[in-house]
Trainee: 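Take a look at this one; I'll ask things after.
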Amino acid sequence: MSKEEYLKDITEIKDMMNKSSRFFSLSGLSGILAGIYAIIGAAVAYYLVSTSGRDYLLLNGKIFRYILIDLVVVALLSIITAVILSTRKASRNNETLWNSASRRLLVAFLIPLVTGGIYIIIKITSHHYGLTGSLMLIFYGLALINASKYTIGNVRYLGYAEIILGLICAIFPGYGFWFWVAGFGVMHIIYGSLIYLNHDR
């Protein structure tokens with residue numbers, strides 16, 4: 001066997017192992033749409049607060065419940081869109097959406113995310129909600145970094161960006177809403193666009 005054939009075989013084996021351990025069917029378009037959903041949801045929340053006659057929220061108030069519904073709708077739309085578009089991409093790549101790689105990806109992503117969600121709920125119910133936006137960004141960034149080893153590697157850079165925004169947000173908690181828009185809206189659109197241009201087309 002020549003050196004060139006040997007190197008070719010090694011490369012093919014490496015690619016096969018990589019494909020079996022990583023999930024490559026994440027859709028860049030779903031990231032773009034998730035960012036758009038987040039910006040629209042933020043605009044709705046801003047309108048609700050600005051027309052309520054208060055500059056703050058009451059945890060047992062009607063506006064707070066509406067904003068929670070708004071957040072849930074944004075999250076559900078983002079998840080449904082990601083599943084549909086990733087399923088299409090997996091089908092084009094002759095892959096299945098639900099396999100060992102996607103299961104590992106989901107577990108790695110959910111552990112920091114659920115932990116952060118529970119912690120944020122505890123803080124809110126204790127009336128410590130000044131850093132809610134910061135905590136959401138930080139735990140989401142940690143979830144992305146933790147999951148990046150099971151998917152497209154540069155997902156971790158989005159995670160780093162979210163964490164940095166979250167830490168800056170902690171310094172300026174009065175601007176938490178705008179950091180949330182930047183992290184979940186603008187950063188998703190930018191990152192989704194890069195994935196779409198580099199991997200989807």
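All figures in this text were calculated on a predicted structure; none of them were measured in a lab. We're numbering straight along the sequence, starting at 1.
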Trainee: In Å and rounded to the nearest 0.5 Å, what is the SG to CD1 distance from Cys169 to Ile163?
Mentor: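 One gets 13.5 Å once the value is rounded to the nearest 0.5 Å.
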
Trainee: Begin from the C-alpha positions of Tyr46 and Trp178 and carry the test side chain to side chain contact (heavy atoms under 4.5 Å, CB included) through to its verdict.
Mentor: CA-CA 10 Å; Tyr46 185 84; Trp178 300 110; 4.0 Å; yes

Trainee: What distance separates Thr81 OG1 from Leu76 CG, expressed to the nearest 0.5 Å?
Mentor: 10.5 Å

Trainee: How long is the gap from CG on Asn154 to CD1 on Ile195, to the nearest 0.5 Å?
Mentor: 4.5 Å

Trainee: Suppose we screen for side-chain contact (heavy atoms from CB on, under 4.5 Å). Which residues come up paired with Val114, at least two apart in sequence or across chains?
Mentor: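 side-chain contact (heavy atoms from CB on, under 4.5 Å) list for Val114, sorted by chain: Leu110, Ile118.
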
Trainee: First locate atom CD1 of Ile189, then atom OH of Tyr196, and finally report the distance between them rounded to the nearest 0.5 Å.
Mentor: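 Here the interatomic distance stands at 15.0 Å.
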
Trainee: Between Ser102 and Tyr150, does the side-chain hydrogen bond (donor to acceptor under 3.5 Å, both in side chains) criterion hold? Intermediate values first, please.
Mentor: CA-CA 8 Å; Ser102 60; Tyr150 299 114; over 6 Å; no

Trainee: Side-chain contact test, heavy atoms from C-beta onward, threshold under 4.5 Å: evaluate it for Phe179 versus Phe184 and give yes or no.
Mentor: no

Trainee: Quick check on the hydrophobic clustering: are Phe139 and Leu106 connected, directly or via other members, by side-chain heavy-atom contacts under 4.5 Å?
Mentor: yes

Trainee: Under 4.5 Å between any side-chain heavy atoms of Leu77 and Val73, yes or no?
Mentor: yes

Trainee: Dump the intermediate steps for side chain to side chain contact (heavy atoms under 4.5 Å, CB included) on Val155 and Tyr191, then the final yes or no.
Mentor: CA-CA 8 Å; Val155 166; Tyr191 180 76; 2.9 Å; yes

Trainee: Within the distance-only criterion (no hydrogens, no angle test), does the side chain of Asn146 pair as donor or acceptor with the backbone N or O of Ala108 below 3.5 angstrom?
Mentor: yes

Trainee: What is the minimum heavy-atom distance between Ala82 and Ser30, and which atoms define it?
Mentor: CA-CB, 3.6 Å

Trainee: Check the hydrophobic clustering (I, L, V, M, F, W, Y; side-chain heavy atoms under 4.5 Å; chains of links allowed) and say if Ile121 and Ile67 are grouped together.
Mentor: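 In one cluster with Ile121: Ile67, no.
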
Trainee: Is there side-chain contact between Ile168 and Tyr175, with heavy atoms separated by less than 4.5 Å?
Mentor: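 Sidechains of Tyr175 and Ile168: no contact.
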
Trainee: Please find the pair of heavy atoms, one from Met187 and one from Ala161, that lie closest to each other, and give the distance.
Mentor: CE-CB, 3.6 Å

Trainee: Might you point out which heavy atoms bring Thr87 and Val83 nearest each other, and give the distance in Å?
Mentor: OG1-O, 2.5 Å

Trainee: Within the 4.5 Å heavy-atom criterion, are Ile120 and Met136 side-chain neighbours or not?
Mentor: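 SC-SC contact between Ile120 and Met136 confirmed.
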
Trainee: Report, as yes or no, whether the 6.0 Å neighbourhood of atom OH on Tyr66 holds more than 12 heavy atoms from other residues, nucleotides or ligands.
Mentor: no

Trainee: Please report the closest heavy-atom contact between Ala42 and Phe177, naming both atoms and the distance.
Mentor: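 Closest approach of Ala42 to Phe177: O-CZ, 3.3 Å.
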
Trainee: Are any of the side-chain heavy atoms of Leu144 and Tyr160 separated by less than 4.5 Å?
Mentor: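 Answer no - side chains too far apart.
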
Trainee: At their closest point, which heavy atom of Leu131 faces which heavy atom of Pro173, and how far apart are they?
Mentor: CD2-CB, 4.0 Å

Trainee: Answer with yes or no whether the hydrophobic clustering places Val72 together with Ile63; edges join I, L, V, M, F, W, Y residues whose side-chain heavy atoms lie under 4.5 Å apart.
Mentor: no

Trainee: Answer yes or no: is there a side-chain heavy-atom contact under 4.5 Å between Val74 and Ile40?
Mentor: no

Trainee: Can you find a pair of side-chain heavy atoms, one from Leu113 and one from Tyr140, that are under 4.5 Å apart?
Mentor: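 The answer is yes, as the side chains (C-beta and beyond) meet within the 4.5 Å cut-off.
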
Trainee: Same hydrophobic cluster for Ile39 and Tyr47, using side-chain heavy-atom links shorter than 4.5 Å among ILVMFWY?
Mentor: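 No, no single cluster joins them.
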
Trainee: I need the Leu29 CG to Leu33 CG distance, nearest 0.5 Å.
Mentor: 4.5 Å

Trainee: Give me the one residue out of Leu137, Thr132, Ile138 that meets side-chain contact (heavy atoms from CB on, under 4.5 Å) with Ser134.
Mentor: Ile138

Trainee: Measure the shortest side-chain to side-chain distance between His188 and Ile32 over non-hydrogen atoms and say whether it is less than 4.5 angstrom.
Mentor: no

Trainee: For Ile145 versus Arg156, what's the shortest heavy-atom pair and its separation?
Mentor: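 Between these two residues, the closest heavy atoms are CG1-O, 3.8 Å.
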
Trainee: Give, for atom CG of Leu48 and atom CD1 of Ile69, the distance between the pair rounded to the nearest 0.5 Å.
Mentor: 10.0 Å

Trainee: Excluding sequence neighbours, so at least two apart, what forms side-chain hydrogen bond (donor to acceptor under 3.5 Å, both in side chains) with Ser78?
Mentor: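 Per chain and number, Ser78 pairs via side-chain hydrogen bond (donor to acceptor under 3.5 Å, both in side chains) with no residue.
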
